[in-house]
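Computed over heavy atoms, backbone and side chain alike; hydrogens, waters and symmetry mates excluded. In listed order, ligands and their atoms are each counted from 1.
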Amino acid sequence: MTESQTMGVFGAGWVGLVTGGCFAELGHHVIVRDVVPDRIAALQAGRLPFHEPDLPEVLARNHERIRYTLDAGELVDADALFVCVQTPPTYSGDADLSFVWSALDDLPRGERRQILVMKSTVPVGTGEKVRAALEARGLTNVGYVSNPEFLAEGTAVRDFMNPDRIVIGAADPQDAAFVEALYSGIETPIVQTDVASAEMIKLAANAFLSTRISFINEIANVCELVGADVESVAQGVGLDHRLGPHFFRAGVGWGGSCFGKDVSALKQLAGNSGYHFQLLAAVIEVNELQKRRVIAKLEKHLGKLRGKTIAVLGLAFKPNTDDLRDAPSLVISSRLLAEGAAVRTWDPVADARERLRGATQCDTVLDAVRDADAAVIVTEWDELRGLASEEVRAAMARPLIIDGRNLLDPGAARRAGFAYEGVGRQSSAFETLPETAEPEERVSS
Ligand code: UGA
C-alpha cells in the first residue's frame, strides 16, 4: 500500500494536471499551483481547460485530495515538488527554460527536506544547472530528481497508471528511492540512473519515435512509385520482434507539441555540444515534406487548386485531443489557402477558427464536404470511417478522397464511386475525368 505523501505541482497544464490527478488517485495529497488566475479559478470550479479522456473523472473522484492555488507558499509542507511547466522552443530551437527558472524563484523556503522532481522535458545538463541554482539560493534542504514523463495525449491517464517504465535520475540514492516509493501501486520496470541519462532517455525516446514515423513515411512514398502497399509492408516488417509494430503508421506526418520541439531540442543540443546530428535533420525535413505531399496529390487529380473547394477533415494533431499545436492540418490548410482554394474544415473537438481565418469551419462532415472537389482525411477520427458513403458522394462536387491516414479501405472507396488516394498505396482516378480538371503534376515528380 502506498504511503501517502503531500506533493506540490508547479504548472496546471496538461502534464501537471495528469500527474497531480493520478498521484491523488494513488492516495497522495496534491497541491497544484499555477500563475494564471483564470486557470486556477476554472479548476476550482471543476472545469478542465482542455480535452483529455478520463482526466475529468480522475480529478473529480479525488477532489478531496487535490487543491489548486496561485500561492507557491502553500507548497511549503510538500514532500515532493513536481515541476510540470512548459518548455517551448526558442527561435534557435533550444528549449526555453524560463518557466522552469520562474518555478525555482517561487520555491517556498522551509526547513524540511523536499525533493524537486523535474517532469518537464529539458535539455541534458539542466539538472546540473538546477542543482547549482538551488545551492546558490541556499536551498540545501531541496534534493533533485529527474523523472521524465512518457504520456501521450488522449491516453495520458492510462499511460500514467500503466507505464512501460518509470525513469528516475538522481545523484542521491535516497532521493531516488523516495520518488520510486511515490509510484508504489504501479507495477512496471524502474530505470534508476544519473540525472543526465534520465534527461537523455526522454529526448531519445521522442526522437526515435519520430524517426520511425519519418522512416515509414519515406517507405510509403517509395511504395507509391513502385506499386507496393505500405500497410502490408509495415505489417510484414513490424512482425519482426526486433522491430515491433508500434509507431509505424504512414500518414501526413507527425505533429503535436512534443515531437517537433524535442527533436529540434536534441538536434540543437548536439550541435551546441559540437556534434551534427544528421539523422534528425532528415527526420524533420521528411516530416515537413510529408505534409505538403497532400497538395501535389490533389493537383494530380484536380489540376490547379485555385477556385477549388477542399474539405479538410480532422484538425487536431491526432484523435482524442483538441490540441492543434504543430498539427499537420494547419500546414495543409494554409498551403491550400495560399494556392487559392476554398477550405472547409471539420473536427469534432478542435477549433481552428482563430488560426485558419481564411477557412470555414463546419459543424458536420456533411457540411464540410458539400460541393467540395475533394475531401482530405488529416486526422483519423472514428467519425470519418464511414466517409465513403453514398450520402457523401452525392454531396460532393467531385468524389475524390485523399486519405492522409489510410483510414479507409481503398477497394470499398472505389466501389462506392470515389477516386481514392491514400499514403503508400495504389491510387485510383476518377472513372470519368471531370471536364475542368487539368491533371499535370505527378506526385512522383
Ligand atoms: C508523444 C509521445 O508518444 C509520448 O510518449 C511523450 O510523452 C509525449 O510525446 C511528450 O513528450 O509529452 P503525443 O505528442 O501526445 O506523445 O502524441 P503521439 O501519440 O506520440 O503522436 C504524435 C504524432 O505522431 C501524431 O501527429 C500522430 O498522428 C503521429 N503518428 C503516430 C504517426 O503519424 N504515425 C504513427 O505510427 C504514430
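Side chains of I190 and Y183 form no contact here, defined as non-hydrogen atoms less than 4.5 Å apart. W346 is not listed as a side-chain neighbour of V369, based on a closest heavy-atom distance of 4.5 Å or more.
Judged as a side-chain hydrogen bond (donor to acceptor under 3.5 Å, both in side chains), the pairs with a partner in residues 235-252 (not counting sequence neighbours) are, in order, D240-R242, R249-E380.
Relative ring orientation between F82 and F23 is described as tilted, the plane-to-plane angle lying within the 30° to 60° band.
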Review item, side-chain donor-acceptor pairs of residues 44-52, under 3.5 Å, at least two apart:
residue	atom	partner	partner atom	Å
Q44	NE2	Y68	O	2.9
E52	OE1	W14	NE1	2.9
E52	OE1	G154	N	2.9
E52	OE2	G154	N	2.9
E52	OE2	T155	N	3.3
E52	OE2	A156	N	3.1

Enumerate, atom names and distances included, each donor-acceptor pair closer than 3.5 Å involving a side-chain atom of residues 402-410, sequence neighbours excluded.
residue	atom	partner	partner atom	Å
D403	OD1	R405	N	3.3
D403	OD1	N406	N	3.0
D403	OD1	L407	N	3.0
D403	OD2	L407	N	2.8
D403	OD2	L408	N	2.8
D403	OD2	Y420	OH	2.7
R405	NE	V378	O	2.8
R405	NH2	G253	O	3.3
N406	OD1	V423	N	2.7
N406	ND2	E231	OE2	2.9
N406	ND2	V423	O	2.8
D409	OD1	G411	N	3.1

Give one line per pair: atom of ligand 1, protein atom, distance. Only N/O to N/O under 3.5 Å.
residue	atom	partner	partner atom	Å
ligand 1	5 (O)	F150	O	3.2
ligand 1	7 (O)	E149	OE1	3.3
ligand 1	7 (O)	L151	N	3.0
ligand 1	7 (O)	L151	O	2.8
ligand 1	7 (O)	K202	NZ	3.2
ligand 1	11 (O)	K202	NZ	2.6
ligand 1	11 (O)	N206	ND2	2.7
ligand 1	12 (O)	E149	OE2	2.8
ligand 1	15 (O)	E153	N	2.7
ligand 1	15 (O)	K318	NZ	3.3
ligand 1	17 (O)	K318	NZ	3.1
ligand 1	19 (O)	K318	NZ	2.8
ligand 1	26 (O)	G255	N	3.0
ligand 1	26 (O)	F317	O	2.9
ligand 1	28 (O)	R405	NH1	3.3
ligand 1	33 (O)	R405	NH1	3.3
ligand 1	34 (N)	R249	O	3.0
ligand 1	36 (O)	F248	N	3.1
ligand 1	36 (O)	R249	N	2.8

